[in-house]
Amino acid sequence: MRRMLDELAAKAVGGEAEVDVAEWFQRVPQEVITFATFGRRNYEDGRVVFELQDELAGLAADAHSKVYIPGYRFLPLRRNLRVWHLVREIRKGLAAFIANLPKDGRDDEQRRDGGGGGMRDLMSFMTPAMTTEEIIEESKNFFFAGKETLVSLLTWATVALAMHPEWQDRARQEVLAVVGRDDLPTKDHLPKLKTVGMIVNETLRLYPPAVAMIRTANRDVELGGCVVPAGTELLIPILAVHHDEEHWGADAAEFNPARFGDDRRPRHQMAFMPFGGGERVCIGQNLALIEAKVALAVVLQRFAFRLSPAYVHAPRVLMILNPQYGAPVIFRPL
Ligand code: HEM
């Protein structure tokens, strides 16, 4: 993150710099997940896997928007051949990561920086109990589920703060008071960044990266006066629930982080579910919240920002909620 900010500051030598934050933030989860999953700093290898997954996700999103023809995906057509090639390459990349893991789950570099900055790599939990096949599959989940979601959250939070300079100022005052101008936020600072936390929650409410989830009723249930027979698949519209005036009041469509303040009014426990719920709740939610708070705090420390005149507000769902025309933002070093 520091490297990214230094590069941005160098770009802004004339006073300001414009970047598409939807692109710019990609690096944050890429590096975090490579490090958290494999406890390694060889981000280049991680980047290759992410690029392959991005292309695969693009093809999957495209297929989603087309008529489904049963059996079509098994035909050796150019697109399918590409998909199969990508799947093989992703597997190969992840298998190489796993094969190169030190037996005790730590390497010299980690030892030098205090065991990976204090973070135990997930593989040390996974390896004793799981086969290589299973580890590859789980790693695919982390690489996929943990990237676009986080980029979406950071992008919309930056856009929202650019639209609401009063909240941007308030959050910056808090960061400067708690963390200071030059230090990096630590685990002791994070609980004290209450305004930043409220902003993250309000962003997740208004722009939930995962807009829906699917559940199957495993027995007959009554929901809101309707009987749902066992076996029925239900789409739970997270985005719609987060915008429901019945739960959030008449200003449900507005960005107002104060609704997550200490004096908030009581609400239904499922009115806010950006990370899903129940047994399949997001396994990465705490990591995501830490990443988001740290990333926003260090940006706020060093830059003031506003929307570029080229920005068009067009949230759209392409698997994840993202800005259709990108998110150009103008940064001014402080
Ligand atoms: C803002 C960031 C994130 C959001 C909004 C988000 C959202 C979600 C949601 C809604 C689900 C439930 C899906 C369902 O039930 O159908 C989920 C599951 C999952 N998430 Fe996240 N997620 C985020 C970040 C992450 C991160 C950083 C990781 C890992 C590094 C991660 C890994 C996973 C995995 C592995 C699952 C599947 C859990 C299971 O099925 O048991 N997510 N996430």
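Order of appearance sets the numbers: ligands from 1, and atoms from 1 within every ligand.
Nearest non-hydrogen protein atom to atom 42 (N) of ligand 1 is Cys282 SG, 3.0 Å. Atom 35 (C) of ligand 1 has as its closest protein heavy atom Ile283 CG2, 3.5 Å.
By the 3.5 Å distance cut-off applied to N or O atoms, Arg280 is counted among the residues near ligand 1.
Linking Ile, Leu, Val, Met, Phe, Trp and Tyr whenever their side-chain heavy atoms come within less than 4.5 Å leaves Met270 and Val221 in two separate clusters.
Close contacts between ligand 1 and Pro274 involve ligand atoms 5 (C), 7 (C), 10 (C) [criterion: under 4.0 Å to a heavy atom]. Contact atoms of ligand 1 toward Ala288: 2 (C), 24 (C) (distance under 4.0 Å to a heavy atom of the residue). Of all the atoms in ligand 1, the ones that sit under 4.0 Å from a non-hydrogen atom of Gly276 are 10 (C).
With 3.5 Å as the limit, one finds no donor-acceptor pair spanning the side chains of Gln53 and Lys147.
Among Pro208, Ala145, Pro29, the residue whose heavy atom sits closest to atom 32 (C) of ligand 1 is Ala145. By heavy-atom distance, the residue among Thr149, Ile214, Asn141 lying nearest atom 24 (C) of ligand 1 is Thr149.
For atom 14 (C) of ligand 1, a protein heavy-atom neighbour is found at a distance under 4.0 Å.
Under the 6.0 Å distance and 45° angle rule, Arg205 counts as a cation-pi partner of Trp248.
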